[in-house]
There are 4 protein chains.
Amino acid sequence: MWFVSDNTHPAASQILEAIGRANAGHAASYGADAVSHRAAAALRAVFEAPAAEVFLLPTGTAANALALGCLCPPWGSVYCHAGAHVNYDECGAPEFYTAGAKLIGLDGAHGRIGPETLAAALATGLGGSVHNVQPAALSLTNATEAGTLYDPAAVAQLAGQAHAAGLGVHMDGARFANAVAALGCTPAELSWKAGIDVLSLGATKDGCLAAEAVLFFDPARAASFGFRRKRAGQLFSKHRLFGAQIEAWLADGLWLELAARANARAAALGRGLAAIPGVILEHPVEANAVFARWPRALHRAALAGGAQYHLWDFDATLDGPDDEPLLARLVCGWATSEAEVEALLGLLRVGA
Amino acid sequence: MWFVSDNTHPAASQILEAIGRANAGHAASYGADAVSHRAAAALRAVFEAPAAEVFLLPTGTAANALALGCLCPPWGSVYCHAGAHVNYDECGAPEFYTAGAKLIGLDGAHGRIGPETLAAALATGLGGSVHNVQPAALSLTNATEAGTLYDPAAVAQLAGQAHAAGLGVHMDGARFANAVAALGCTPAELSWKAGIDVLSLGATKDGCLAAEAVLFFDPARAASFGFRRKRAGQLFSKHRLFGAQIEAWLADGLWLELAARANARAAALGRGLAAIPGVILEHPVEANAVFARWPRALHRAALAGGAQYHLWDFDATLDGPDDEPLLARLVCGWATSEAEVEALLGLLRVGA
Amino acid sequence: MWFVSDNTHPAASQILEAIGRANAGHAASYGADAVSHRAAAALRAVFEAPAAEVFLLPTGTAANALALGCLCPPWGSVYCHAGAHVNYDECGAPEFYTAGAKLIGLDGAHGRIGPETLAAALATGLGGSVHNVQPAALSLTNATEAGTLYDPAAVAQLAGQAHAAGLGVHMDGARFANAVAALGCTPAELSWKAGIDVLSLGATKDGCLAAEAVLFFDPARAASFGFRRKRAGQLFSKHRLFGAQIEAWLADGLWLELAARANARAAALGRGLAAIPGVILEHPVEANAVFARWPRALHRAALAGGAQYHLWDFDATLDGPDDEPLLARLVCGWATSEAEVEALLGLLRVGA
Amino acid sequence: MWFVSDNTHPAASQILEAIGRANAGHAASYGADAVSHRAAAALRAVFEAPAAEVFLLPTGTAANALALGCLCPPWGSVYCHAGAHVNYDECGAPEFYTAGAKLIGLDGAHGRIGPETLAAALATGLGGSVHNVQPAALSLTNATEAGTLYDPAAVAQLAGQAHAAGLGVHMDGARFANAVAALGCTPAELSWKAGIDVLSLGATKDGCLAAEAVLFFDPARAASFGFRRKRAGQLFSKHRLFGAQIEAWLADGLWLELAARANARAAALGRGLAAIPGVILEHPVEANAVFARWPRALHRAALAGGAQYHLWDFDATLDGPDDEPLLARLVCGWATSEAEVEALLGLLRVGA
């Protein structure tokens, strides 16, 4: 019953096998090898973006921060949700990679920024005044940190507002596969067709070991990326490690299959939880994460029964009144089984 | 006949197998997993340094730059060989990670800094004057970029000078395994016992896929490393990827066995080359790289015959007078075979 | 009728005369001259802080940013009021000087941070987690951007909370003189005795041409300041320019006399405004600035009548309904005359 | 007998008087005032560059570093003389303002870079390779740190080479006035007509208190300067302080008159020294500084006799053999008198 995070899941066997195949013999280093080229071509094909500039690297934090570095000067600002990974969970990586830009966290229910909120923020952006940081980028997370989604229309709305104000638009797609799988749209529809300029595409959480891609749909914005990546120590000599993972991940739709599996488990978990008295869903369950609140006594029972997940209220502990409701974050991954979901629900049904 | 670089070699089978084993099931992320802990313990044991702070990450550039960031403030300077990787081949990574420190490249025959050169540089360091960058670190590369070595006594000499001037001492050990294997000393003798404060230990070139370690023998210097690493996007969620590689690499002395193999090939290649009329060794062959000069016509023959290596004079080309001697860099790796060495020598003997 | 800003005021005659006197003959550069030493001694005496480290420089932005650079590492965070100058009006100077730290803007009525707000923020600071920026400093502005004050007890309360959480405490004292003059306390009571570790002391707005001081009451925190200042191009060769201004500014209490004059004008203006029908004070008038709201038609009349001040609602304009109330910021300086105050009030009384 | 530095000289009376005049009454802040506009117009007129973008700020270090920040990205390199102020005397300011670029110091006799040296450096610049910093700028100092000059033809030669390689060209003109006065050329001939893209124009050493200008002859390169300057805390609120100085400095050719006076004193000093047995000029005397070598005993006599200057050999002291020749740097400024020159020569003639 492991619902701690999707980054605790193993890599899928297809990924490991691909690494093994790619490992044989000598290969040109730093991305000049054949499998890396094939992976880039596959990304362009899947995104219907033949002119996209594509870069591979190991972590989502690096992908986000390098992408934002290309969109935002040191005296610029990046609008994002207050709870976005870039704002809260990266120890200031965007500030490091932008040489000191400012992230402006916006509030919004269920992890999403609303059009009015963005409009209000942009209206006070003070572009042109040397006394103020210059609005430079909008970063949207999809699926969001709350396990919810922006559909293509929602992305297009926000991206349109940002573009009208002269900003570039980035998408933190650490769970982009989950979003595409859930929405049933094409990758293109959820990215460049909706106005995304740069996408951080996460594969690590969705069955890879360590592989992310950054796609610049407007290649002009990518001019400095290669230098930034090398300078950051993010350019791998044995770059085929990335190429192998990404090629295998995209092949035959594996990436969407793995994501759909995680989404299905989360949906089942959400449905099951909603039916248990005393359990309240905090956010709509739209991708692979479930946020739900239930009494502390029930948490004690679940955790004692072997469930693993994070209490998500800040500094919540198991000590305290039995009936105080505490928030749980329950993340499903590609390897989450139906049995695990059932087992967790079982513990909660008994306890409730 | 592949002598382009040791970073073009595959990972050893033991490494891939270890990744496969470690991949099974769920594991805590960000380094809190069991195999990462075992790898750190193994590093401490191999280096006889039970108190060392140990960090794993994917690239040598990141290892060097993060280490130097801990040793050198933005207004500091790092003394290194002019041809050091940190100075020349990292697109300014140390400057990025130190927030703008200055690298001061020192000359020295065969890739090594001499004590007099270091003494002269330190004498003009201007420590204490706010008008000048403050001498903060010495970075030694071992094995050097010229395929030569500092033995423990040479390291101790230079580190002693640096310490006397208040500097911290870093070793870029991208090929540290080759150095230890060649010198027959212990890892401790070539590092902390000789005065190294922080070691970047390279495994990628020596049989791993992507794995480096940074060892702080003085744990107090490591206080900010964890934040710096995360902020750089260098902290892996599926950190067991590193743990598995490093554990397998150290197990049963595999790391030294692979390095010794590469060294032996280079030694044989060097001996063979020295015996060919018209071929002149540029540097002593002490580790896994050979630098030799021979006439252009012979290069044409060798490359046409299937040898792969870099011409190492800046902007040298195959067009030009037949008898002009051009420098070749020939790097052996763990997977270089005796037959490859023989084949290259054969081409050159025939041509000469 | 000039109420645009205190930074539009001329320098006081005593300041210019002191510059003239200090200019005669040769003087050691970079702060080693006699008048700079006397100014530093005077600052220590006025603040009853004989061990304080004192630095002089030209702008408040530089003073704040350099001070915060000494308190906060690149991966740290600075808590401040959302509307603080460091957060909003310095084009990211603190981010530049800290190499990318994060400013966390807190809400609070009348420009002040409340103890509960600070406590809530500190409670979620996540100190120790490498995933999050590390709480490093609290920056209080006194007098605030809203023209209000923290008295010594209020400072002590907030500084105590910050210290308990391991943060350093900075005060942006661009209008510190106004605060001291208004509160009737000693400079020490409003700074180090209340827990301030580093003070940016502004003189430019209070009768100087370009002179600010940074006082480190804990000298240990100042170790890197000299390097940071030089590296920023903020160390003047003809440093006597600063020394002369600061010495004259402190002499015979001139600094407090000028500030008291500005405060008195603001108080009179505030009283006068409060008595005019349709005019509403936005914030208590406690120092040298008045924020008040009145109908647009009255703004038109006042501005047409020669009053000069900023409309302070974001993007407010004179076009629109007559009776919509708009916010004015009215700043008094040392050179504001009673007649100017009376004239402005007269215009508004007639119009109202 | 004060030959320590030109930055120890007072400001000229015309400068102080102009500050006094400009100080009267209120003025718009941050450069929007009338005298600042007039100063900018005067700079454009004097340089025959009506389209130039002009910025005023207080220190040469800031002028240089901000200018280089506009020419060189973080992953770029700046070629300069090894002894250039930007490389040696600014505590890494260019590295700070460029967010970590690399300065590449070139050797060259008498403080000048030769065309062959520059050509050799550019030939190994590795533009386009992500592994290496990208050649971005050439910075020439005129007058040089050795008191010598580049004439317009020499500047044009080097700038032409740099432009051909895609670099921007900066001139550190901390003593540009001395250069123009000595060469008898126009300011335009020594700057944009010779290929300079950005000039740091120093006024502080030549009779001002604290005033420098940065001129972008190609306005497109200036796009980010305003943000960079504010973010650095280098934008003055009472900006008229700069406008007043620069306007008065340029008026009626005062700037060149003051510089010519300093140059004349240095020329006389150089001629006098050359005639003294045992005194050897180290560099040609072309501007306002003299570098000469004479025996230690003679230094003792001169310094005991009241002469003030720096021994310029690194760590030279008065203790040691009488007859060892030591290098003196003797800088003349606008306020150096003929009598001072004569007095110094008298001391040395007596001693020799």
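Computed over heavy atoms, backbone and side chain alike; hydrogens, waters and symmetry mates excluded. In the text below, chain A, chain B and the rest are named by the order of the sequence lines, each starting its count at 1. If you're wondering where the values come from, they're calculated on a predicted model, not measured in any experiment.
For the set C:Gly105, C:Ala99, C:Ala123, C:Pro94, the entry with the most heavy-atom pairs within less than 4.5 Å of chain A is C:Ala123. Most heavy-atom pairs under 4.5 Å with chain C: of the set A:Thr61, A:Thr98, A:Val133, A:Leu103, this distinction falls to A:Val133.
Side-chain atoms of C:Asn132 come within 3.5 Å of backbone N or O of A:Tyr88 as a donor-acceptor pair.
In this structure, chain C has a heavy atom under 4.5 Å from the backbone of A:Val130, while its side chain stays farther away. Heavy-atom distances place the backbone of A:Ala101, and not its side chain, under 4.5 Å from chain C.
Residues A:Lys102 and C:Glu95 form a side-chain contact, since some pair of their non-hydrogen atoms from C-beta on lies under 4.5 Å apart.
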